[in-house]
**Student:** 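Attaching a single structure in structure tokens format; questions to follow.
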Amino acid sequence: MRWLTSQKLEHREQRIVFEELLEGIRQESERMERLEDAIREVIPEWSLAEVVAALQAMRGIDLIAAVGCWLRSVISPAFKIRASDGLSGSGAHRKLDW
């Protein structure tokens, strides 16, 4: 991000667009930080906190990655693309198998 903010653009219009882009990145970073803080707050009381702790025991898995891994393993199998549906103008149809 430091490198991006150090860039100097010659044209005013380019600077305006670029500054808007940087502001969007900053806002999204703050949003992610708030969401991660909220996840960190609720994990200790979560019934699956031990599963998250076990995933964290694996090298390179932090709290947020452990929660994400567990959720993906639970949610992903529920969404299956049916080959017979094919693609329509709105994209792939998904069947929810809960």
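Predicted model only: the values in this text are computed from it and were never measured.
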**Student:** Among residues at least two apart in sequence or on other chains, which ones pass side-chain contact (heavy atoms from CB on, under 4.5 Å) with R2?
**Tutor:**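 For R2 there are no side-chain contact (heavy atoms from CB on, under 4.5 Å) partners, ignoring immediate neighbours.
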**Student:** List the atom pairs, donor and acceptor, that lie under 3.5 Å between side-chain atoms in residues 45-70 and the rest of the protein, sequence neighbours left out.
**Tutor:**
unit_1, atom_1, unit_2, atom_2, d
D62, OD1, I64, N, 3.4
D62, OD1, A65, N, 2.8

**Student:** Just jot down the side-chain contact (heavy atoms from CB on, under 4.5 Å) partners of E23, sequence neighbours excluded, or say none.
**Tutor:**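 In terms of side-chain contact (heavy atoms from CB on, under 4.5 Å), with neighbours along the sequence ignored, E23 is linked to R26, Q27.
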**Student:** Could you tell me whether R34 and D37 make a salt bridge, using a distance below 4.0 angstrom between a side-chain N and a carboxylate O?
**Tutor:**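 Salt bridge flag = no for D37 with R34.
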**Student:** List the atom pairs, donor and acceptor, that lie under 3.5 Å between side-chain atoms in residues 8-21 and the rest of the protein, sequence neighbours left out.
**Tutor:**
unit_1, atom_1, unit_2, atom_2, d
R15, NH1, L9, O, 3.0
R15, NH1, E10, O, 3.1

**Student:** Any pair with a residue in residues 20-42 that passes ring-ring contact (aromatic ring centres under 6.0 Å, His included), sequence neighbours left out, goes on the list, sorted by first then second residue, please.
**Tutor:**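 Non-adjacent pairs meeting ring-ring contact (aromatic ring centres under 6.0 Å, His included): zero.
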**Student:** Looking at residues at least two apart in the chain, or sitting in another chain, which of them share a salt bridge (charged side-chain N to carboxylate O under 4.0 Å, His left out) with E41?
**Tutor:**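 For E41 there are no salt bridge (charged side-chain N to carboxylate O under 4.0 Å, His left out) partners, ignoring immediate neighbours.
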**Student:** Could you state the interatomic distance from CD (E28) to CD1 (I25), rounded to the nearest 0.5 Å?
**Tutor:**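 Those atoms lie 9.5 Å apart.
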